[in-house]
Amino acid sequence: MAEITRHHTNQRMSQIVTHGETIYLAGQVGAPDSGVAAQTQECLDKVDKLLAEVGSDKTKILQCTIWLADMADFAAMNAVWDAWVAEGHAPARACGEAKLATPDYKVELLITAAK
C-alpha cells in the first residue's frame, strides 16, 4: 500500500498530503485585504512553493478546483491564471461561485498533482 505523508499539519488540516505519486494541497487563499487578481497570484505562488517542496511543479497539476466569491471576478482571475499556467500543461479545471471562509477572501484554489 502506498505511504501517506503529511506536511505543515495542525489539528485541523495539512497543507500537503502525498499518497504514493499523488499530491493533494489544501485550499490556497491570498491576503484578504487585496483584490481578486492579487489574491489569485498569491494562491498560485503558494501552489508553486508547496509543489516544489514535495518534488513537483505546475506542469504536473492534474486537477484544479477554483472557488470565487463572485463570478463577476471570473475574467480577472482567468487573466492571472492564463499567464501562470504552463503552456501545454493545463489541468482539468472547474470554477464555481461559493461563500468562502471569510467575506474578504475572493478566490480559493484546490490542487491535485502528480510527483
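- A distance-only check finds a donor-acceptor pair linking the side chain of Ser56 to the backbone of Ala114 [under 3.5 Å].
- Hydrophobic cluster membership is shared by Ile61 and Val85, with clusters built from Ile, Leu, Val, Met, Phe, Trp and Tyr side chains linked at under 4.5 angstrom.
- Between Ile23 and Lys115, the closest heavy-atom pair is CD1-CG, 3.8 Å.
- Placement of Leu62 and Leu51 in two distinct hydrophobic clusters is found when ILVMFWY residues are connected by side-chain heavy-atom separations under 4.5 Å, directly or transitively.
- Remark: Lys60 NZ to Glu21 CD distance equals 9.0 Å, nearest 0.5 Å.
- Within the model, atoms CD of Glu108 and OG1 of Thr65 stand 10.5 Å from one another, a figure rounded to the nearest 0.5 Å.
- For Thr59 and Asp57, the side-chain atoms include at least one donor-acceptor pair closer than 3.5 Å.
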From CA spacing to verdict: side chain to side chain contact (heavy atoms under 4.5 Å, CB included), Lys58, Asp48: CA-CA 7 Å; Lys58 66 184 173 183; Asp48 283 332; 3.9 Å; yes
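- Across all non-hydrogen atoms, the minimal contact from Met71 to Gly96 is SD-C, 3.8 Å.
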Please test Tyr24 against Thr22 for side chain to side chain contact (heavy atoms under 4.5 Å, CB included), starting from the C-alpha separation and ending with a verdict. CA-CA 7 Å; Tyr24 304 89; Thr22 307; 3.5 Å; yes
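- Considering CD of Glu3 and NE2 of His19, their distance stands at 9.5 Å, rounded to 0.5 Å.
- Nearest approach of Val29 to Val107, heavy atoms of both residues: CG1-O, 3.8 Å.
- Cluster membership check: Val80 shares its hydrophobic cluster with Ile111, using side-chain heavy-atom separations under 4.5 Å among Ile, Leu, Val, Met, Phe, Trp and Tyr.
- Contact record, Ala69 with Leu100: N-CD1, 4.1 Å, taken as the closest heavy-atom pair.
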Please test Leu50 against His8 for side chain to side chain contact (heavy atoms under 4.5 Å, CB included), starting from the C-alpha separation and ending with a verdict. CA-CA 10 Å; Leu50 292 168; His8 309 291; 4.2 Å; yes
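- Judged by distance alone, with hydrogens and angles left aside, the side-chain atoms of Gln28 form no donor-acceptor pair with the main-chain N or O of Val47 at under 3.5 Å.
- From Ile66, atom CD1 reaches atom CG of Leu68 across 7.0 Å, with rounding to the nearest 0.5 Å.
- A single hydrophobic cluster is seen to contain both Leu25 and Val54, as judged by linkage of ILVMFWY side chains at heavy-atom distances under 4.5 Å, directly or through other members.
- Scanning both residues, Arg93 and Phe74, for their nearest heavy atoms gives NH2-CE1, 3.7 Å.
- Atoms SG and CE, from Cys43 and Met77 in turn, are 10.5 Å apart once rounded to the nearest 0.5 Å.
- With rounding to the nearest 0.5 angstrom, the NZ atom of Lys49 is 9.0 Å from the CD1 atom of Ile16.
- Side-chain contact check for Leu44 versus Trp81: some heavy-atom pair is nearer than 4.5 Å.
- Under 3.5 Å, the side chains of Gln15 and Glu53 contain no donor-acceptor pair of N or O atoms.
- Cluster membership check: Leu109 does not share its hydrophobic cluster with Trp67, using side-chain heavy-atom separations under 4.5 Å among Ile, Leu, Val, Met, Phe, Trp and Tyr.
- A distance-only check finds a donor-acceptor pair linking the side chain of Asn10 to the backbone of Met13 [under 3.5 Å].
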